[in-house]
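Following: one structure in structure tokens, then a few remarks.
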Amino acid sequence: MTIRFGGNRLNRKLFIVLIVALFCLSNVTRAAYRAKVERPRFAAEGAAYLRYTGMVARGEPIPSLDTRAQWPEGFRVFREASPAMEYLFGWTYRLVPGTKGNLAAFIRYGTAFFFSLAIFPLAFLSAKLWKSLWAGAFTAVVFAVSLPLVARSSGFEYIRENTTFPLIVFHVYFYVAACAGGGVALPVLSGVFLFAALASWHGAQFYLVPLLLFMLARLIIAEVSPRERRAARALVCALAAAGVIVPYLREGLFLLSISASLAAAVLAVDLIAPRVLARPAARSARAVRRRTVNRRAVNEAIAALVIAAVILPGVVSGKHFASYSHFFDLVVYKLRYFQKPDDPRLLPFDARAFWVGPFNSPDALHFFVFALPMLLLLPGPVSVLLRRAREKDFGALFTLVFLLVFFFLFLLMQRLLPLFGFFAAIAAGGNVLEFFQGRKPWKIASPALFLSVAAVAIFLFQDFGWEGSRDYWRRIARTIKVPARSAFVIYPYARDVEGELLAWIRGNVESDAVVMSLHYLSPQVLTYTGRATNLNDFFESPALRRKAQRLLTLLYSSEERLYRFCAEESSDYLLVSCAVGCDATKESPLYQAGLTNMPPGCAAYALVFEPETLVRFDLVYENEMYRLFRVGRHAGARAWPRSPLFYEKELLWSRSGDIKEFYNSAMRIYALTARGRALILRGAERDGESVLVEALHVFYFYPAWKALDELYARCARGEDREAAAAFAYRYDPNRAGVCLALAESRLELGKVKGVREILERCAGLPAAASERERAAGLLARLDAMAPAPHAQ
């Protein structure tokens, strides 16, 4: 078969080869983007999925009741989640011959590969819709390179939608093809893929509800073909089977849900309404109009009755709506406020806790960077789809409706951007019809061609140069100062503060200990240290949500109440992030607890700023972002170096206790230190010194002082070095490096007074082997400088 338009043709075999090549490009772009954003470990739910995938890969059964993931009552894995994705990648990993590589690396590449399979149904669907293989090829190009489809599917996260969304795309292809014609296989395949999507992720209902509403509206309003009716029946059967077979859907009473009620209404209008309305054909135009009105009224009445009959038992039992209350609350309150209110008490806990990260609406910067280049491809194709939809072209109507639906849902939740990206890629194929207006070269220059080339170029620079000098689109955003949502971001000096924490837990915490921490930190602790946790990140569980709410509430109550909760949950350790005390954004633990300011004397304040005052929790480990406490033990005496900047009580109260000002001051110190060090490395030592001194004028910060000390030592500026070391010693006398710098600088100036006392103090501090050798050398040097005793 050869498709011709404008003097250009594409053979079907060449088309298949081109799509395979673009499939390879799709994997390359995702690997390139992943290399720019990849973290050392999966976080939150991704870490939990990795643990279960590891069990499958080792041939171990996933426990039906996982007590280590939600101590002590246990997490019901199959009833409150769906580990289908874990089985898919675990079994696939087991099939890899020879020496197997790292499982996490396999998953990163595997999820990107699986997601990229959606390029085939998308290209075929676009080719059918636009009646052009070139259009299908351009849709494949957009899929392979566009940031809305590359970013979250790159494998830097291990998330269920990377398995579910490709299954939805295959379902869409077979559904549209079934409605256009064909045998029984097409609607059956459409139903099979929809069943698989539902079995893999509860979030598939973000697509399912709009689909069922579309099908129901078509049956009520339009004259639907027998092929479309057959496709609808196949999907209803697939949903019924999923509600009976899939454990988490069965546990959540899916068959009494909104989705099931819409499916039942589709079946009722399809099967019952024609029998109710069966009468002889009308002969007059007036009779036809009246009968059309009657048909719609009867269809609407049947649909309303069936929906009410299915939903009512679910409302009475409350079980289904309890399982999905976080989703319902999120949607309702997003539509009510669109942006988070300043007063968190206006939102229920489920909405406050769920309305974070990818469930936010896109801010201006996110929209500009991710969505705007894709929108450049749509004006021409959308106008054509609108015209064809009015002409009752089912494929055009379906594409247009879901393009608009998922654009709206993306504005509601940025996590759904890939679903918008799928339909935008299908629509974008229509630009190809405007590329070539004839054989003459000057006829090629159409606005659609320029916009398409520009968009693809933007996407490629984003994929391969994300946030770098070659990411020109983001540079434009910075230049015109596109506003972004305020976020709590820390760039610690340690390369991997989370890795250091987890390594310390593995080496120092008892193997049978239980760790209490916030729900989004717990999966990393369990997966990477093997220590049991009280919470997990599976928010589909109502019991888990209530438990998470209790922890957040009690963090900002008294120490005694927090301790009783930890004791009740058999917690041996309490892990907290510095965000508990210094995050003033609307995604903070403080906001999720329903507060805007920390209550005086609350446990969170003591945990972050005054751990020495605690009587039920003993600080055993800290780094720039995390603190770990032993539960049930009085705070002990410690000779530790000064705590990192985000635990500085003096800095907080120098800003009148304002958390936002405290965070801004700390980040200013971080930024000045980084800038000063960069200037020194570039040879601008005077400028670098000035910037570092400015940072230390805000507040003492060990990395800033350390960079200054190294500069003074290298330039042999002994007096300046001694003054800086004396300043650091006043703030940080329990740090071996500070003690050694002060002692060394004084000895360089020929001063011996007080040096021995400093070195003796250093001997009792935690120190590396190199620091101990250095201290011994300084002590020997001091002894050599001592005056000889007078002869008798």
Side-chain angles (χ1 to χ4, degrees), residues 36-37 365 465-472 474-482 484 486-497 500 578 582 623-625 641-648 650-651 654-655 661-732 735-742 744-746 748-749 768 770-771 774:
K36 301 292 183 181
V37 300
L365 180 62
W466 177 248
E467 293 189 333
S469 59
R470 293 184 300 167
D471 189 353
Y472 300 108
R474 183 171 278 273
R475 289 174 63 183
I476 292 172
R478 291 196 191 102
T479 302
I480 63 178
K481 297 181 179 179
V482 178
S486 61
F488 179 74
V489 181
I490 296 178
Y491 300 101
Y493 269 85
R495 289 189 176 182
D496 185 7
V497 289
E500 291 178 359
C578 63
C582 54
N623 63 27
E624 288 177 87
M625 290 187 65
R642 193 176 186 93
S643 293
L645 200 57
F646 284 99
Y647 308 113
E648 277 292 354
E650 291 182 31
L651 179 60
S654 71
R655 301 301 183 266
E661 288 300 317
F662 167 74
Y663 168 77
N664 290 338
S665 297
M667 290 307 295
R668 180 167 177 255
I669 295 171
Y670 268 83
L672 288 171
T673 303
R675 183 182 166 206
R677 293 176 66 170
L679 286 170
I680 291 172
L681 289 173
R682 291 202 297 265
E685 294 183 344
R686 285 291 180 185
D687 292 337
E689 177 189 2
S690 176
V691 172
L692 291 171
V693 169
E694 183 182 354
L696 291 171
H697 278 161
V698 180
F699 200 81
Y700 168 74
F701 184 43
Y702 173 72
W705 167 81
K706 182 66 175 174
L708 204 58
D709 179 70
E710 290 171 352
L711 173 65
Y712 292 155
R714 187 171 64 254
C715 297
R717 293 169 59 182
E719 291 184 359
D720 289 334
R721 188 186 184 202
E722 184 201 9
F727 166 80
Y729 189 75
R730 288 197 299 273
Y731 283 94
D732 208 357
R735 190 181 298 271
V738 171
C739 295
L740 292 173
L742 181 58
E744 190 174 59
S745 63
R746 286 184 175 177
E748 291 288 343
L749 296 172
S770 59
E771 290 175 324
R774 186 178 163 197

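Predicted model only: the values in this text are computed from it and were never measured. These values consider heavy atoms only, across backbone and side chains, with no hydrogens, waters or symmetry-generated copies.
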Problem - SB check E650 R642 (cutoff 4.0 Å) - result: yes
Exercise for the section: Give a yes or no on whether the backbone of F646 and the side-chain of Y663 come within a donor-acceptor separation of less than 3.5 Å. Expected result: no
Handout entry: Euclidean distance, D732 CG relative to F727 CZ, rounded to 0.5 Å
Key = 10.5 Å
Problem - Carboxylate-amine/guanidinium contact R495 E500, below 4.0 Å - result: no
Handout entry: Approximate separation, where rounding is to 0.5 Å, of R774 CZ and C739 SG
Key = 10.5 Å
Problem - Minimum side-chain heavy-atom gap F488-C582 below 4.5 Å - result: yes
Exercise for the section: Applying ring pair (Phe, Tyr, Trp, His ring centres under 6.0 Å), name anything that partners Y712, two or more places apart in sequence or on another chain. Expected result: none
Handout entry: Distance-minimising heavy-atom pair for S643 and E648
Key = O-OE2, 3.9 Å
Exercise for the section: Given side chain to side chain contact (heavy atoms under 4.5 Å, CB included), test L651 with S654 step by step and report yes or no. Expected result: CA-CA 5 Å; L651 179 60; S654 71; 3.7 Å; yes
Practice task
Any chance you could lay out the side chain to side chain contact (heavy atoms under 4.5 Å, CB included) test for Y702 and Y731, step after step, and finish with the verdict?
Solution key: CA-CA 9 Å; Y702 173 72; Y731 283 94; over 6 Å; no
Fill in the blank from the handout: Taken to the nearest 0.5 Å, the spacing of F701 CZ from R668 CZ works out to 13.5 Å
Practice task
Could you tell me which non-hydrogen atom of N623 sits nearest to which non-hydrogen atom of V497, and how far apart they are?
Solution key: ND2-O, 2.9 Å
Fill in the blank from the handout: Distance col, row D709:CG vs S745:OG, nearest 0.5 angstrom, shows 7.5 Å
Handout entry: Within 6.0 Å of CD in E467, more than 12 heavy atoms from elsewhere
Key = yes
Problem - Side-chain touch I669/T673, heavy atoms, less than 4.5 angstrom - result: yes
Problem - Enclosure of R478 CZ (heavy-atom neighbours >12, cutoff 6.0 Å) - result: yes
Exercise for the section: For the pair R721 and E744, evaluate side chain to side chain contact (heavy atoms under 4.5 Å, CB included) and give the outcome as yes or no after the intermediate values. Expected result: CA-CA 9 Å; R721 188 186 184 202; E744 190 174 59; 2.9 Å; yes
Exercise for the section: To the nearest 0.5 Å, tell me how far K706 NZ sits from R677 CZ. Expected result: 10.0 Å
Problem - Between CD on residue E624 and CD1 on residue I490, distance to nearest 0.5 Å - result: 8.0 Å
Fill in the blank from the handout: Closest non-hydrogen contact found for A725 with V738 is O-CG1, 4.2 Å
Practice task
For residues R475 and G468, report the shortest heavy-atom separation together with the two atoms involved.
Solution key: CD-O, 4.2 Å
Fill in the blank from the handout: Here the pair of heavy atoms bringing W705 nearest to G737 is CH2-O, 3.9 Å
Exercise for the section: Check A477 against L365 and note the closest heavy-atom contact, atom names and distance. Expected result: CB-CD1, 3.7 Å
Exercise for the section: Run the numbers on I680 and L692 for side chain to side chain contact (heavy atoms under 4.5 Å, CB included), then give the verdict. Expected result: CA-CA 10 Å; I680 291 172; L692 291 171; 3.6 Å; yes
Practice task
Taking only Lys NZ, Arg NE, NH1 and NH2, and the carboxylate oxygens of Asp or Glu, determine whether E694 and R675 approach each other closer than 4.0 Å.
Solution key: no
Exercise for the section: Would you mind checking if R686 and E689 are paired as a salt bridge, meaning a charged N to carboxylate O distance below 4.0 Å? Expected result: yes
Handout entry: Near-ring test F699/F662, centroid separation under 6.0 angstrom
Key = no
